[in-house]
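Residue numbers run from 1 in the order of the sequence given. First listed ligand is number 1; within each ligand, the first listed atom is number 1.
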Amino acid sequence: MVELEDEMRWSQVLNVVDVHCGGENARVVTGGIGDVPGETMLDKRAYLTEQRDDLRLRLLQEPRGGVIHSADFVLPSRHPEAQLGYVIAESTEYPVMSGSNTICVTTALLETGMLPMIEPVMHLALESAAGLIRVECTCADGKVTSVRFTNQPAFVYHLDAPVEVAGLGTVTVDVAWGGMAYVLVDAASLGFGITPDEARDLCVVGEAVKLAAAAQLPAVHPEHPEFPGITNFEFTGPLGRTPEGELTARNAVVVSPGRLDRSPCGTGTSARLAVLHARGLVTTGENFVHTSIIGSRFDSRIEELTTVGDVPAVVPSVAGQAWITQLCQVGVDPSDPFPNGYALADTWGAAPPSPVAVRLATAAAEARA
Ligand SMILES: O=C(O)[C@H]1NCC[C@@H]1O
């Protein structure tokens with residue numbers, strides 16, 4: 001009988017725990033890399049970006065991945081308070097922070113036993129490229145039932161800023177940092193109700209407004225100018241109250257190169273909390289229930305007020321849940337014609353969307369309204 005290991009031709013096998021948080025996928029790499037050079041996760045992010053982007057491409061591009069995937073490289077951390085670190089990789093960038101990915105990484109580490117699970121409540125800290133992320137986990141019968149992470153500070157770059165968008169004219173936007181930099185626009189102002197049938201048109205319009213805002217509005221982190229500028233777009237739904245009286249709203253985040261976050265988006269929720277607080281629409285400690293286009297839910301709140309440089313900021317926390325969907329090993333046969341995969345514009349989007357596509361998308365939204 002031929003043993004598999006006798007035939008294995010792969011030069012590097014990645015052990016991957018696939019997880020979803022509110023429907024948003026993450027490929028948590030728990031083995032196969034060991035460590036990479038760098039003192040901090042920000043250093044390790046730079047190394048992976050510059051020297052080993054083949055790993056990201058292998059996991060996220062087809063045929064092994066797809067545009068809806070993110071990846072997280074779990075690595076040793078030198079931070080005195082962190083149990084482990086993680087570098088986040090997405091379709092077009094390495095975000096320094098990500099909410100759904102943080103919840104997925106935490107769930108994978110605890111449910112596969114890489115970190116000991118303590119029931120009913122436990123606390124841990126993970127180092128992200130954005131800094132230390134403290135996490136509170138609720139666990140029962142071996143399952144992580146809630147992960148609440150306390151994010152790095154979120155703050156507003158711009159409120160009610162005009163942006164000229166080809167095919168749309170002048171669009172009024174807010175811009176805020178929540179671990180990624182977001183352009184936030186009221187969905188109804190562009191004819192959208194944030195319903196699943198609008199998904200493709202939301203991506204076309206959101207991507208066009210995001211790219212125009214990134215070209216017209218400055219967004220440099222006051223303490224970390226090396227952090228990315230505007231890369232994401234958030235359609236905001238109207239504020240309401242749950243039957244329990246909690247502040248609530250829907251949202252749809254357009255992730256580059258132009259697809260929707262299936263979760264309520266942790267960094268997008270953090271950015272929105274900064275905007276809501278700046279407008280006096282949410283108070284510290286108040287629960288804000290953010291729901292996604294597919295109905296998944298994050299509970300969030302402002303833990304405390306702070307400043308980033310001399311910019312007023314909030315410290316947000318976001319709670320959600322994740323589920324492991326598969327355990328797999330990912331590799332490349334030496335004869336594979338696509339060792340780093342490929343991306344095709346039919347699903348990866350044609351950035352930037354043409355003004356004609358933008359006009360058609362908004363006309364379709366108005367026709368549905
Ligand atoms: O929850 C979040 O923050 C992430 N979800 C996909 C895009 C963001 O990185």
Seminar exercise, completed: A student checking ligand 1 against Glu24 at a 4.0 Å heavy-atom cut-off should list atoms 6 (C)

Seminar exercise, completed: Rounded to the nearest 0.5 angstrom, the OG-CZ distance for Ser292 and Arg297 is 12.0 Å

Problem set entry | N or O pair under 3.5 Å between Arg259 and ligand 1 | no

Exercise. Shortest non-hydrogen contact from Ser300 to Val318?
Worked result: CB-CG2, 4.1 Å

Exercise. In Å and rounded to the nearest 0.5 Å, what is the CZ to OG distance from Arg56 to Ser70?
Worked result: 10.5 Å

Seminar exercise, completed: In ligand 1, the atoms that come under 4.0 Å of a heavy atom of Gly266 are 1 (O), 2 (C), 3 (O)

For this session: Answer with yes or no whether Pro95 contacts ligand 1, where contact means a heavy atom under 4.0 Å from a ligand atom.
Result: no

Problem set entry | Shortest protein heavy-atom distance from atom 5 (N) of ligand 1, along with the residue and atom involved | Asp261 OD2, 2.6 Å

Problem set entry | Contact atoms of ligand 1, heavy-atom distance to Thr267 under 4.0 Å | 2 (C), 3 (O), 8 (C)

Exercise. Which of the numbered atoms in ligand 1 are below 4.0 angstrom from a heavy atom of Met180?
Worked result: 8 (C), 9 (O)

Seminar exercise, completed: for atom 9 (O) of ligand 1, nearest protein heavy atom and its distance come out as Glu90 OE2, 2.6 Å

Exercise. Do Tyr182 and Phe233 make the cut of ring centroids closer than 6.0 angstrom?
Worked result: no

Exercise. Taking the inter-plane angle between the rings of His221 and Trp177 on a 0 to 90° scale, is it parallel (under 30°), tilted (30 to 60°) or perpendicular (over 60°)?
Worked result: perpendicular

Problem set entry | Thr107 side chain vs Ile103 backbone, donor-acceptor pair below 3.5 Å | yes

Exercise. Can you list the atoms of ligand 1 that are under 4.0 Å from a heavy atom of Gly99?
Worked result: 1 (O), 2 (C), 3 (O)

Exercise. Would you say ligand 1 has an N or O under 3.5 Å from any N or O of Tyr182?
Worked result: no

Exercise. Do side-chain atoms of Thr291 reach the backbone of Gly295 as a donor and acceptor pair under 3.5 angstrom?
Worked result: no

